[in-house]
K.L.:
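Got a structure for you, written out below as structure tokens; questions coming shortly.
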Amino acid sequence: FRLDLLMEDLVAIKRLYESRGFLDAEVVLDDLRFSDDKSRVIITIAIIEHQPYCVGNIEVVIERVEAGEPGAPPPEDLAFFTEERLRCMLGLKTGQRYDGETVDEGLEEITKAYYGRSYMDAQVLPVERRGRERQNIVDVTLTVDEGRKSRLRRLHFVGNEYTRDKVLRREVKVAPGGYIDRAELDRSLARLNRLGYFERVTMLMRDVKCVNGEVVPGYKDVTYEVVEGSTGKLNFGVGISTDGGLLGSISFQKDNFDITRWPRSFKELTTRRAFTGAGQTFNIFFAPGTITSQFSVSFTEPHLFGTDLALSLSAYKRRNFREDYDEDILGYGVGLAYPLLEDDEYRYRLRAELRWRHENNRILDIGPNAVPGAFLFAGNNELRSLSLGLRFVSVDDFADPTWSTQTRLTGTYAGGVLGGSLNFLKVDLGHEQDFIVFVDDEGKRHRVTIRGDMGWAEPMPDTPEIPPFERFY
């Protein structure tokens with residue numbers, strides 16, 4: 001038992017009553033009764049609610065920088081931040097019961113509005129309440145000190161020992177010289193965190209000072225400080241399934257890869273400097289198995305030549321040991337992706353995807369009981385295909401998502417003018433839903449993913465049917 005914590009609880013209870021309009025509520029400690037051995041205590045708290053208060057007059061006071069001074073509000077901001085608009089944003093209405101939760105939400109909304117229009121020093125003060133005696137009416141005064149409208153002078157990055165500046169700058173959608181958008185700075189912070197390259201990312205905003213130490217009015221410097229993390233992952237796995245049999249897997253994935261930063265010494269390999277810093281992804285996967293064995297290597301550049309166009313390259317080999325025949329597949333792929341649509345909060349994104357695929361598919365060791373398709377496509381089969389697709393991704397909160405969805409629609413054209421020995425059309429539609437089921441006591445999130453796919457395929461002339469290695473089952 002701690003008396004100081006009990007006193008804090010009494011204050012919290014009183015604030016709760018005040019937030020519900022009971023501004024004269026009395027919350028007092030009435031009695032403490034300890035057991036004989038002092039192991040237990042019975043606490044009695046007396047509460048007198050009194051009558052709730054209704055809202056009377058709502059006064060708004062705006063303190064502004066004088067016109068002509070650095071950082072003074074332009075005409076469009078004067079027209080936006082009027083007393084009437086701030087009164088509406090506060091959420092209280094004359095004649096209704098006073099609601100502290102509404103006030104807190106209103107103050108937060110007003111603060112965000114000022115930050116969104118570059119008033120980085122804006123102070124939205126707690127409302128002043130004045131109760132009228134014996135009337136149960138409270139008059140409210142909202143005071144806002146706008147401060148100066150701020151421009152960004154410089155944008156700094158600190159701590160990126162390995163990561164190139166351009167990788168950080170392309171995630172921060174603000175430019176020096178322009179007015180500061182605090183909401184965009186926060187979104188940029190979330191994007192940097194979600195890259196997964198850093199153990200920690202923080203943002204700091206400072207006043208700009210002259211040589212003599214005086215503050216330059218109307219300008220701020222913003223610094224993002226990062227702590228480099230480990231971006232290489234080596235995974236081992238063993239599994240068994242009815243379709244894939246017994247298999248093992250070894251994979252290595254390198255995020256924040258840099259294909260141009262070759263090691264100049266052995267020390268650069270041990271200090272993680274080599275092949276690190278350009279925001280690319282490199283992956284090697286090897287999975288030998290009793291029914292399926294595969295090997296693949298892939299590389300992704302998310303911003304080709306500094307644009308939003310993403311490039312992906314892959315090469316792979318797969319061997320499937322069917323019941324009455326074997327499939328041997330060797331191929332490579334080249335993909336491009338470009339964002340078509342995304343909202344300011346990054347809650348949804350629509351992306352166009354284009355992919356070229358070139359494979360040599362061989363059907364070998366055909367037994368007498370093999371499916372007819374194995375005989376039709378026995379030997380070598382050259383596949384050349386071009387796929388065009390759309391991918392839509394949505395999340396509830398970009399910085400801290402609790403659910404996400406992904407929908408994919410892809411059309412594939414194989415053969416024909418592209419060449420090769422296989423000619424067919426395919427359409428694939430897939431949907432995936434991911435959501436958090438619960439969070440345990442340690443803060444670990446447990447997720448469930450639901451996935452569904454459907455497709456249509458039709459052979460074209462010179463191809464009697466869809467080859468076994470291109471079917472959906």
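Owing to the predicted nature of the structure, the values given are computational and were not obtained by experimental measurement.
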K.L.:
A quick test of your reading: do over 12 heavy atoms of other residues, nucleotides or ligands sit less than 6.0 Å from CD of E323?
P.N.:
no

K.L.:
Hey, is R408 close enough to D453 for a salt bridge, meaning N to O under 4.0 Å?
P.N.:
yes

K.L.:
Any sub-3.5 Å donor-acceptor pair from R349's side-chain atoms to P339's backbone N or O?
P.N.:
no

K.L.:
Taking the side chain as every heavy atom from C-beta outward, state whether L311 and L313 have any atom pair closer than 4.5 Å.
P.N.:
yes

K.L.:
Pair V297, N283 - check side-chain contact (heavy atoms from CB on, under 4.5 Å), show working.
P.N.:
CA-CA 6 Å; V297 57; N283 187 69; over 6 Å; no

K.L.:
What closest approach, in Å, do R164 and T260 show between heavy atoms, and which atom pair accounts for it?
P.N.:
NH2-OG1, 3.7 Å

K.L.:
If I take atom CD from residue E171 and atom CG from residue L189, how far apart are they, to the nearest 0.5 angstrom?
P.N.:
11.5 Å

K.L.:
Sort and list the pairs that fulfil salt bridge (charged side-chain N to carboxylate O under 4.0 Å, His left out) and have at least one residue in residues 415-426, not counting sequence neighbours.
P.N.:
K426-E470

K.L.:
Does F472, at its CZ atom, have more than 12 non-hydrogen atoms belonging to other residues, nucleotides or ligands within less than 6.0 Å?
P.N.:
yes

K.L.:
Just to verify, what does F438 make a ring pair (Phe, Tyr, Trp, His ring centres under 6.0 Å) with, not counting sequence neighbours?
P.N.:
H446

K.L.:
Between T82 and A79 (side chain of the first, backbone of the second, donor and acceptor by atom type, cut-off under 3.5 Å), is there such a pair?
P.N.:
no

K.L.:
Does the side chain of D145 come under 3.5 Å of the side chain of Q123 through a donor N or O and an acceptor N or O?
P.N.:
no

K.L.:
Quick one: closest heavy-atom pair of D77 and R64, and the distance?
P.N.:
O-NH2, 4.4 Å

K.L.:
Enumerate the residue pairs fulfilling ring pair (Phe, Tyr, Trp, His ring centres under 6.0 Å) with a member in residues 252-280, sequence neighbours excluded, ordered by first and then second residue.
P.N.:
F257-F275, F257-F282, W262-F275

K.L.:
Can you list everything that forms a side chain to side chain donor-acceptor pair (under 3.5 Å) with R318? Sequence neighbours excluded, please.
P.N.:
none

K.L.:
Please list, chain by chain and in numerical order, all residues satisfying ring pair (Phe, Tyr, Trp, His ring centres under 6.0 Å) with H431, sequence neighbours excluded.
P.N.:
none

K.L.:
Suppose we screen for side chain to side chain donor-acceptor pair (under 3.5 Å). Which residues come up paired with K254, at least two apart in sequence or across chains?
P.N.:
T231, T276

K.L.:
Please indicate whether R154 has more than 12 foreign heavy atoms, meaning atoms of other residues, nucleotides or ligands, lying under 6.0 Å from its CZ.
P.N.:
no

K.L.:
Any side-chain donor paired with an acceptor under 3.5 Å for E225 and H156?
P.N.:
no

K.L.:
I'd like a table of donor-acceptor pairs (distance under 3.5 Å, sequence neighbours excluded) in which one partner is a side-chain atom from residues 390-399, with atom names and distances.
P.N.:
| residue | atom | partner | partner atom | Å |
| --- | --- | --- | --- | --- |
| R391 | NE | E353 | OE2 | 2.7 |
| R391 | NH1 | Q406 | OE1 | 2.5 |
| R391 | NH2 | E353 | OE1 | 3.2 |
| S394 | OG | T405 | OG1 | 2.5 |
| D396 | OD1 | T402 | N | 2.9 |
| D396 | OD1 | W403 | N | 3.4 |
| D396 | OD2 | T402 | N | 3.4 |
| D396 | OD2 | T402 | OG1 | 2.3 |
| D397 | OD1 | A399 | N | 2.9 |
| D397 | OD1 | D400 | N | 3.0 |

K.L.:
Show your working on side-chain contact (heavy atoms from CB on, under 4.5 Å) between T449 and E432 and close with a plain yes or no.
P.N.:
CA-CA 7 Å; T449 300; E432 182 178 301; 3.6 Å; yes

K.L.:
If the condition is side chain to side chain donor-acceptor pair (under 3.5 Å), which residues does T102 pass it with, not counting sequence neighbours?
P.N.:
D99

K.L.:
Is a side-chain donor-acceptor pair under 3.5 Å present for Y316 with E359?
P.N.:
yes

K.L.:
Give a yes or no on whether N212 atom CG has more than 12 heavy-atom contacts from other residues, nucleotides or ligands under 6.0 Å away.
P.N.:
yes

K.L.:
So does E442 get a backbone contact from the side chain of D440, meaning a donor-acceptor N/O pair under 3.5 Å?
P.N.:
yes

K.L.:
Side-chain contact, heavy-atom cut-off 4.5 Å: L168 with Y224?
P.N.:
no

K.L.:
If you compare all heavy atoms of V167 against all heavy atoms of G277, which two are closest, and at what distance to 0.1 Å?
P.N.:
CG2-O, 3.3 Å

K.L.:
Would you mind checking if R153 and D221 are paired as a salt bridge, meaning a charged N to carboxylate O distance below 4.0 Å?
P.N.:
yes

K.L.:
Are the side chain of T300 and the backbone N or O of P302 linked by a donor-acceptor pair below 3.5 Å?
P.N.:
no

K.L.:
Between V216 and C210, does a side-chain contact (heavy atoms from CB on, under 4.5 Å) hold up when you go through it step by step?
P.N.:
CA-CA 7 Å; V216 178; C210 301; 3.5 Å; yes

K.L.:
Going by atom types alone, do Q253 and D255 pair a side-chain donor with an acceptor below 3.5 Å?
P.N.:
yes

K.L.:
When rounded to the nearest 0.5 angstrom, what distance separates OG1 in T410 from CG in L429?
P.N.:
9.0 Å

K.L.:
Report the distance from atom CG of L422 to atom CE of M460, rounding to the nearest 0.5 Å.
P.N.:
10.0 Å

K.L.:
Would you please name every residue forming a ring pair (Phe, Tyr, Trp, His ring centres under 6.0 Å) with Y197, sequence neighbours left out?
P.N.:
none

K.L.:
For the backbone of F80 and the side chain of R85, can you confirm whether one donor and one acceptor N or O come within less than 3.5 Å of each other?
P.N.:
yes

K.L.:
I'd like to know if the side chain of N423 and the backbone of D462 have a donor-acceptor N/O pair within less than 3.5 Å.
P.N.:
no

K.L.:
Taking atom types as modelled, find out whether S387 and T412 have a side-chain donor-acceptor pair closer than 3.5 angstrom.
P.N.:
yes

K.L.:
Are R319 and D326 ion-paired here, with the side-chain N under 4.0 Å from a carboxylate O?
P.N.:
yes

K.L.:
Check each of N193, L195, V227 against V201 using the side-chain contact (heavy atoms from CB on, under 4.5 Å) test, and report the only one that passes.
P.N.:
N193

K.L.:
Could you list the residues that satisfy side chain to side chain donor-acceptor pair (under 3.5 Å) with E268, not counting sequence neighbours?
P.N.:
R264

K.L.:
Checking Q433 side chain against R451 main chain: does a donor-acceptor pair fall under 3.5 Å?
P.N.:
no

K.L.:
Roughly how far, to the nearest 0.5 Å, is OG of S293 from CG of L247?
P.N.:
8.5 Å

K.L.:
Under a plain distance cut-off of 3.5 Å, with no hydrogens placed, do Y179 and R151 share a side-chain donor-acceptor pair?
P.N.:
yes

K.L.:
Any chance you could measure R447, atom CZ, to S404, atom OG, to the nearest 0.5 Å?
P.N.:
6.5 Å

K.L.:
Would you say R87's side chain and I58's backbone share a donor-acceptor pair under 3.5 angstrom?
P.N.:
yes

K.L.:
Mind checking what makes side-chain contact (heavy atoms from CB on, under 4.5 Å) contact with D165, not counting sequence neighbours?
P.N.:
F157, N160, R169

K.L.:
Can you pull out every salt bridge (charged side-chain N to carboxylate O under 4.0 Å, His left out) where at least one residue sits in residues 172-190? Sequence neighbours excluded, please.
P.N.:
R182-D186, E184-R187, E184-R191, R187-E345

K.L.:
So Y114 and Y119, would you call those rings parallel, tilted or perpendicular, with 30° and 60° as cut-offs?
P.N.:
perpendicular

K.L.:
Would you find a donor on one side and an acceptor on the other, under 3.5 Å apart, between the side chain of T111 and the backbone of L107?
P.N.:
yes

K.L.:
Check the pair F424, Y413 against side-chain contact (heavy atoms from CB on, under 4.5 Å), reporting the backbone distance first and the verdict last.
P.N.:
CA-CA 6 Å; F424 59 85; Y413 172 81; over 6 Å; no

K.L.:
Would you compute the distance between atom CD1 of I466 and atom CZ of R471 and round it to the nearest 0.5 angstrom?
P.N.:
8.0 Å

